[in-house]
K.L.:
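I have a structure here, written as structure tokens, and I will follow up with some questions on it.
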Amino acid sequence: MELKPAGIEEIMRFLIREAVVFPTAEIYSSKQAFSGFYTFGHLGTLLVEEIKRLWRRRFIWSKERVYEISGSILTPTIVWKASGHLDSFWDPIVFCTRCNRTFRADHLIEEKLNLKAEGKSVDELTEIIRSNGLKCPVCGGVLSDVRRHYLMFKTKVGVSVEDNAVLRPETAQVIFLSYPRIRNVFGKPPFGIAQIGRSYRNEISPRRGLFRLREFEQMEIEYFVLRDAKCIPFSREEAERKGIVGEDLRYRPKCMDCKRCQVNNCPYFTEEYRKTLLRILTREAQLKGSEEVVEITADEAVKRGILPNEWMAYVLAEEVRFLTEDLGVPFNAIRFREMLPEETPHYSAGNFDLEICFSFGWKEIVGNAYRTDYDLTKHMKMSGVKMLEEVNGVKVVPHVIEPSIGIERTILTILSYAYVKAKVDRKYDWLKLHRKVAPVKAAVLPLMMPREYAREESKIARDIWRRLCEETEYHIVYDEKGSIGSRYKRYDQWGVPYCITVDADTMRDNTVTIRDRDTRKQVRVKLEKIPAIVTNLIKGRIKFSHLE
RNA sequence: CCGGCCGUAGUCUAGCCUGGACUAGGACGUCGGCCUUCCACGCCGAGGACCCGGGUUCGAAUCCCGGCGGCCGCACCA
């Protein structure tokens with residue numbers, strides 16, 4: 001199947017035009033730039049809520065032992081000192097002193113001198129530039145000292161003169177901070193702590209509308225699982241410490257042969273998840289410069305060692321089902337890419353990022369990290385609070401598997417495959433949203449204008465609407481403004497799956513018409529059956545064609 | 001911070017090169033009125049714009065300079 005994602009610029013134009021989302025403070029945009037921040041309008045807010053609801057149903061409510069929290073956004077600096085963000089969450093930047101161009105220092109060194117620059121300090125990078133006489137690649141001017149561009153927003157809390165707080169650059173740390181208390185109330189791992197909330201990053205240059213933002217929202221879970229201390233090493237350092245060095249032992253966890261601990265025993269990894277198909281772009285393929293994905297079941301992926309453990313396999317399978325079954329994203333538009341060692345974040349022992357085929361290429365919308373015991377160990381050291389559990393007589397720190405979904409990127413994903421351009425039959429752009437994510441499930445529309453003879457019709461239509469509001473759990477709208485054609489257009493643009501029209505015949509035989517958005521077909525049905533029909537259609541219990 | 005493209009009503013756009021008939025044209029939307037209204041577009045009417053500042057000129061949406069902003073590229077990863 002050929003993939004045809006809609007263009008991102010086109011989608012953004014549509015979203016802004018229809019006030020789904022729009023730039024924050026846009027009335028001042030000609031006076032002060034403030035890019036990377038968006039305000040959600042009516043439909044945008046509803047869409048976000050629908051995505052969150054579906055995510056909660058799937059990842060939290062239908063699972064045993066996943067608990068949700070909502071942490072604060074402003075956090076004390078010490079948290080980020082412990083987590084390592086203060087040390088590693090910045091980009092090294094150099095300026096040309098002649099032409100003022102900016103470059104990423106590490107990229108420049110790797111590209112021009114062919115030296116490894118990843119993870120080097122500012123001083124080291126400056127030294128490399130000086131000793132190799134590296135000049136501005138554009139004008140040949142002298143380069144400045146290397147400076148840090150911090151991706152975290154810092155601020156002051158209270159009367160302090162020093163920056164003592166930061167706007168969290170990820171939601172995860174607040175979960176780790178909450179771990180001891182949640183654990184004390186809900187008991188020993190395995191369990192998950194979920195959180196939906198905003199994060200802040202001072203990106204050098206926000207681009208592509210909702211894709212790279214400075215304020216964005218994540219839906220995230222940290223699954224805490226206990227690892228047997230005798231398990232196979234999960235890092236080269238640990239392997240060396242234990243004196244085990246093998247050809248097969250790469251910098252990544254290898255739990256697939258071991259059933260001894262919880263890391264490779266995921267209670268959520270049931271039969272249906274085991275047989276879920278995954279498309280994986282392995283490190284091996286990437287190193288060969290190949291784009292070829294392996295398509296196998298989640299179960300096979302663990303058995304063959306393509307995935308590190310059952311938890312990771314479960315997480316990937318759940319994500320595929322979420323995107324395809326709840327959000328209507330085509331299966332082929334999804335792939336998982338194992339990050340190369342040098343790309344992997346400082347806290348991770350292996351990332352399998354979920355990438356989507358966008359109009360501008362395959363891009364990450366979900367990060368799946370095996371954070372091991374990195375974060376809890378760091379916080380334990382910095383805070384002095386013990387977070388140990390006993391496994392087979394040995395004290396261990398729980399391991400963490402983290403799926404983190406970007407909400408705004410998810411919206412772009414949905415729209416890339418739901419946005420339909422104007423054609424001859426429908427001369428306007430509209431949204432073919434999957435019935436489950438469509439924020440408005442139906443619209444009730446009286447056919448005639450409310451004049452004397454039509455007053456009765458309008459009243460009946462309102463009554464139907466009220467009944468739908470009471471008897472279904474959905475958001476249904478009522479609208480009698482404008483010609484019927486322009487109302488169909490309006491609700492096609494909102495991605496509303498069904499429209500119900502009331503006309504003169506309704507008064508005679510108590511029937512109304514229900515219209516299917518995708519086919520534009522209409523059928524007459526008994527008025528009293530409408531709430532049940534709408535519910536069944538949305539739940540997928542019946543198909544529209546069955547009504548005909 | 002650099003390069004490329006760009007800035008006309010709520011939206012899309014004509015005009016700009018070749019300055020004056022531009023009192024800035026059109027379409028959609030909005031508002032008011034009329035009309036028993038099933039797939040944007042029944043009829044009539046109304047309101048609404050040249051990003052900001054300076055310059056050239058008798059005259060600037062149009063030419064020049066500066067500023068401010070936008071998109072794309074580098075960058076990056078939710």
Side-chain angles (χ1 to χ4, degrees), chain A residues 8-9 12-14 16-19 23 26 28-35 91 93-96 99-104 106-108 111 136-139 144 149 151 169-172 198-201 203-213 215-220 337 339 343-345 351 353-356 360 363-369 402-413 422 425-430 445-454 457 480-493 499 501-505 513 515 517 520-522:
Chain A
I8 234 72
E9 281 181 67
M12 286 311 299
R13 262 203 304 274
F14 175 83
I16 294 170
R17 172 161 50 86
E18 300 299 327
E26 60 177 337
Y28 288 108
S29 69
S30 63
K31 305 198 192 292
Q32 187 187 335
F34 201 66
S35 57
D91 292 331
I93 300 280
V94 272
F95 299 92
C96 169
C99 72
N100 253 338
R101 267 174 251 252
T102 313
F103 306 94
R104 274 285 298 264
D106 50 346
H107 291 204
L108 201 63
E111 191 186 314
C136 170
V138 180
C139 77
S144 70
H149 172 77
L151 293 168
E170 63 168 19
T171 51
R198 304 213 187 206
S199 293
Y200 300 79
R201 293 179 191 175
E203 297 290 343
I204 302 167
S205 155
R207 281 292 147 90
R208 297 188 206 280
L210 291 180
F211 195 80
R212 172 157 287 106
L213 299 167
E215 174 176 319
F216 60 98
E217 198 160 24
Q218 299 174 286
M219 303 187 289
E220 190 166 83
R337 189 171 73 82
M339 275 191 164
E343 298 176 303
T344 312
N351 262 60
D353 288 349
L354 189 155
E355 298 187 329
I356 292 292
F360 54 100
K363 299 288 169 189
E364 182 196 3
I365 70 154
V366 179
N368 295 302
E402 172 200 89
S404 176
I405 306 181
I407 292 185
E408 292 83 357
R409 289 184 179 185
T410 300
I411 289 176
L412 289 181
T413 301
D425 58 333
R426 246 184 280 218
K427 295 168 200 149
Y428 49 84
D429 304 353
W430 59 289
L445 316 168
L447 192 63
M448 295 181 286
M449 291 292 274
R451 303 211 145 275
E452 289 104 290
Y453 48 80
E457 186 181 352
E480 55 182 37
K481 200 163 174 295
S483 75
I484 188 66
S486 65
R487 279 179 280 165
Y488 285 146
K489 172 187 170 190
R490 188 173 308 142
Y491 297 110
D492 282 354
Q493 290 191 323
C499 285
T501 47
V502 173
D503 56 24
D505 288 348
T513 60
R515 168 190 183 265
R517 178 198 64 203
R520 299 200 297 175
K521 281 187 181 163
Q522 286 185 303

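Atom set for the values below is all heavy atoms of this structure, side chains included, hydrogens, waters and symmetry mates excluded. Chain letters run A, B, ... following the sequence lines, proteins first, then strands; residues in each count from 1. From a predicted model like this one, the values you see are computed outputs, not experimental measurements.
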K.L.:
Listed by chain and number, what are the side-chain contact (heavy atoms from CB on, under 4.5 Å) partners of F360(A), not counting sequence neighbours?
P.N.:
I8(A), R208(A), F211(A), F358(A), K363(A)

K.L.:
Considering residues at least two apart in sequence or located in another chain, which fulfil the side-chain contact (heavy atoms from CB on, under 4.5 Å) criterion with E9(A)?
P.N.:
none

K.L.:
At under 4.0 Å between heavy atoms, how does the protein contact nucleotides 67-73 of chain B? Give one character per nucleotide, 5' to 3', with B, S or -.
P.N.:
-SSSSBB

K.L.:
In whole Å, I'd like the distance from the CZ atom of R487(A) to the P atom of C41(B).
P.N.:
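Rounded to whole Å, this separation is 11 Å.
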
K.L.:
Taking N and O atoms by type only, does the side chain of D353(A) place a donor or acceptor under 3.5 Å from a partner on the base of C77(B)?
P.N.:
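Counting by modelled atom types and ignoring angles, no donor-acceptor contact under 3.5 Å is found here.
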
K.L.:
Please identify each residue that fulfils side-chain contact (heavy atoms from CB on, under 4.5 Å) with T501(A), with sequence neighbours left out.
P.N.:
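Per chain and number, T501(A) pairs via side-chain contact (heavy atoms from CB on, under 4.5 Å) with L445(A), I484(A), Y488(A), T513(A), Q522(A).
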
K.L.:
Could you tell me which residues satisfy salt bridge (Lys or Arg N to Asp or Glu O under 4.0 Å) with R520(A), sequence neighbours excluded, listed by chain and number?
P.N.:
none

K.L.:
Quick one: list whatever passes side-chain contact (heavy atoms from CB on, under 4.5 Å) with D353(A), sequence neighbours left out.
P.N.:
M339(A), N351(A), E364(A)

K.L.:
Any base atoms under 4.0 Å from I484(A), or only sugar-phosphate, or nothing? Heavy atoms, all strands.
P.N.:
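It contacts base atoms.
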
K.L.:
Reckon Q218(A) touches a base, only the sugar-phosphate, or nothing at all at heavy-atom distances under 4.0 Å?
P.N.:
sugar-phosphate

K.L.:
Generate the contact string for nucleotides 8-13 of chain B. Rules: B means base contact, S means sugar-phosphate contact only, - means no protein heavy atom under 4.0 Å.
P.N.:
---S--

K.L.:
Please identify each residue that fulfils side-chain hydrogen bond (donor to acceptor under 3.5 Å, both in side chains) with Y428(A), with sequence neighbours left out.
P.N.:
D492(A)

K.L.:
Within the pair T513(A) and C38(B), is there a side-chain N or O less than 4.0 Å away from OP1 or OP2?
P.N.:
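It does not, given that no N or O in the side chain of T513(A) lies less than 4.0 Å from OP1 or OP2 of C38(B).
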
K.L.:
So which protein N/O to nucleotides 29-33 of chain B N/O distances come out below 3.5 Å?
P.N.:
from   : atom 1 : to      : atom 2 : distance (Å)
C31(B) : OP1    : K481(A) : NZ     : 3.4
C31(B) : OP2    : K481(A) : NZ     : 3.4

K.L.:
So R426(A), base contact, sugar-phosphate only, or nothing? Heavy-atom distance under 4.0 Å.
P.N.:
nothing

K.L.:
I want to verify a distance call: between C38(B), A40(B), C77(B), whose nearest atom is closest to the L151(A) side chain?
P.N.:
C77(B)

K.L.:
Just to verify, what does S29(A) make a side-chain hydrogen bond (donor to acceptor under 3.5 Å, both in side chains) with, not counting sequence neighbours?
P.N.:
none

K.L.:
Once you round it to whole Å, what is the distance between C1' of C77(B) and CG of L210(A)?
P.N.:
16 Å

K.L.:
For T410(A), which residues count as a side-chain hydrogen bond (donor to acceptor under 3.5 Å, both in side chains) partner, sequence neighbours excluded?
P.N.:
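Residues passing side-chain hydrogen bond (donor to acceptor under 3.5 Å, both in side chains) with T410(A): none at all.
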
K.L.:
Pairing donors with acceptors under 3.5 angstrom, does anything connect the side chains of T171(A) and E220(A)?
P.N.:
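E220(A) and T171(A) do have a side-chain donor-acceptor pair below 3.5 Å.
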
K.L.:
List in chain and number order the residues that pass salt bridge (Lys or Arg N to Asp or Glu O under 4.0 Å) with E18(A), two or more places apart in sequence or in another chain; answer none if no residue qualifies.
P.N.:
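Partners of E18(A) under the salt bridge (Lys or Arg N to Asp or Glu O under 4.0 Å) test: none.
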
